[in-house]
Amino acid sequence: MSTNASAMYPDLSLTLSEAGAGRPVLILHGGGGPATVAGLAQHLSRTAHTITPVHPGWDGTHRPAGLTGVDDLALVYLDFLRERRLSDVLVIGSSLGGWVAAEMALRDGAGSITGLVLIDAVGVRIEAEPITDFFALDARGVAEHSWHDPERYYLDPADIPAEELARRQANMATMRVLAGDPYMHHPTLLSRLGRIQVPTLVLWGESDRVVTPAYGAAYAEAFGDGRFEVIPQAGHLPQIEQPDATFALIDAHLAEA
């Protein structure tokens, strides 16, 4: 479905998937697009009301010209929560989506958000643990940095249909606009995370080489109420590589928060 999302961008119509009933859970995908969180959304829809938007500019959706940063995207989703009069919202963000979730929580003056889950998120600068330059990697490098088992998930670009390859390249171009400079972080975000007092679960694949577990631990420690959990035998997308372990931790957080 599509919905008008924000007074800031009259030409923006958000593309959303919704399912289930119960506590609202907003699920924000990373650079790989909505397919990377589809399984998570399906799982959570058994016990919650899941809302999974497609970030503007991903998968062929329209991105308004003025929407050029992660903070802009955070405000769009806060507007959406307000317009839908949603409260007690758990926001789950994977990779880039985790950064969006943190920026939302910092700006949530209405108190709509009552919990966060960040999965291998980017968005902060940790001096000793730099974020891998994803744009500089070839397909083999992407697989080796992103997955615990890269051979299982590696795709030779020559074997990818032209339409799918074009979709992926367009998604990466949008990500470069939103998060390319400064690269994949906001310079002051880390120092502001202590203001976020809602329960925050930070999940990390032990084999992630895009952003390391040490990066994740520092990220989690900066929140006012953060908890860090490492998922064995998983890389940057543990919800795909180790879904059972990932879902169990999120289910427990959903029950507790």
Side-chain angles (χ1 to χ4, degrees), residues 5-6 14 16-17 23-34 36-37 40-41 44 48-56 58 67 69-82 84 86-125 131 175 178-179 184-186 188-205 208 210-211 215-216 218-229 236-239 246 249-250 253-254 257:
S6 175
L14 273 182
L16 305 167
S17 297
R23 183 183 181 187
V25 179
L26 181 68
I27 303 173
L28 305 176
H29 67 77
T36 60
V37 294
L40 174 59
L44 290 174
H49 171 205
T50 59
I51 304 164
T52 311
V54 180
H55 300 327
W58 264 261
L67 201 163
V70 169
D71 51 351
D72 297 328
L73 195 52
L75 290 172
V76 164
Y77 291 138
L78 284 172
D79 275 359
F80 168 77
L81 297 183
R82 182 174 61 253
R84 289 282 295 265
L86 295 172
S87 60
D88 191 24
V89 180
L90 176 67
V91 183
I92 301 176
S94 169
S95 190
L96 180 74
W99 178 5
V100 178
E103 296 280 8
M104 287 180 68
L106 280 168
R107 292 165 172 78
D108 180 28
S112 302
I113 298 168
T114 52
L116 294 175
V117 177
L118 274 60
I119 306 172
D120 294 74
V122 296
V124 298
R125 178 173 178 157
I131 304 168
M175 188 161 72
L178 294 181
M184 291 295 167
H185 76 283
H186 189 290
T188 67
L189 178 58
L190 187 69
S191 64
R192 292 181 283 128
L193 291 177
R195 301 177 192 172
I196 300 174
Q197 295 296 322
V198 300
T200 301
L201 175 64
V202 179
L203 301 179
W204 228 264
D208 191 352
V210 177
V211 274
Y215 176 100
Y219 209 149
E221 189 176 356
F223 283 95
D225 183 10
R227 181 164 65 91
F228 184 62
E229 297 281 353
H236 193 61
L237 298 169
Q239 71 272 20
T246 305
L249 288 164
I250 295 174
H253 187 68
L254 188 59

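All of these numbers come straight from a predicted model, not from anything done at the bench.
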Chemist: Of all residues at least two apart in sequence or in a different chain, which pass the side chain to side chain contact (heavy atoms under 4.5 Å, CB included) check with A74?
Modeler: V100, E103, M104

Chemist: Can you name the residues that form a side chain to side chain donor-acceptor pair (under 3.5 Å) with H185, not counting sequence neighbours?
Modeler: none

Chemist: Identify, with sequence neighbours excluded, every residue that meets side chain to side chain contact (heavy atoms under 4.5 Å, CB included) alongside P34.
Modeler: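 If we apply the side chain to side chain contact (heavy atoms under 4.5 Å, CB included) test to P34, skipping adjacent residues, the hits are H29, V54, D59.
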
Chemist: Are any non-hydrogen side-chain atoms of V117 and H253 less than 4.5 angstrom apart?
Modeler: yes

Chemist: Return the set of residues passing ring pair (Phe, Tyr, Trp, His ring centres under 6.0 Å) with W99 (not counting sequence neighbours), or none when no residue passes.
Modeler: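 Testing W99 for ring pair (Phe, Tyr, Trp, His ring centres under 6.0 Å), a comparison that skips the adjacent residues, returns none.
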
Chemist: Are the side chain of W204 and the backbone N or O of V211 linked by a donor-acceptor pair below 3.5 Å?
Modeler: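 Judged by distance alone, yes, a pair lies under 3.5 Å.
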
Chemist: What pairs with R82 under side chain to side chain contact (heavy atoms under 4.5 Å, CB included), at least two apart in sequence or on another chain?
Modeler: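 D79.
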
Chemist: Is there a donor-acceptor contact under 3.5 Å from the side chain of S94 to the main chain of I92?
Modeler: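 Checked: no pair found.
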
Chemist: Sequence neighbours excluded, which residues qualify as side chain to side chain contact (heavy atoms under 4.5 Å, CB included) partners of D108?
Modeler: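 Per chain and number, D108 pairs via side chain to side chain contact (heavy atoms under 4.5 Å, CB included) with L78, A110, S112, I113.
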
Chemist: What orientation do F223 and Y219 show, parallel under 30°, tilted 30 to 60°, or perpendicular over 60°?
Modeler: parallel

Chemist: If a pair satisfies salt bridge (Lys or Arg N to Asp or Glu O under 4.0 Å) and one of its residues is in residues 114-123, list it, with sequence neighbours excluded.
Modeler: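 Matches after skipping sequence neighbours: none remain.
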
Chemist: Looking only at atom types and distance, does a side-chain atom of T246 sit under 3.5 Å from a main-chain N or O of P238, one as donor and one as acceptor?
Modeler: yes

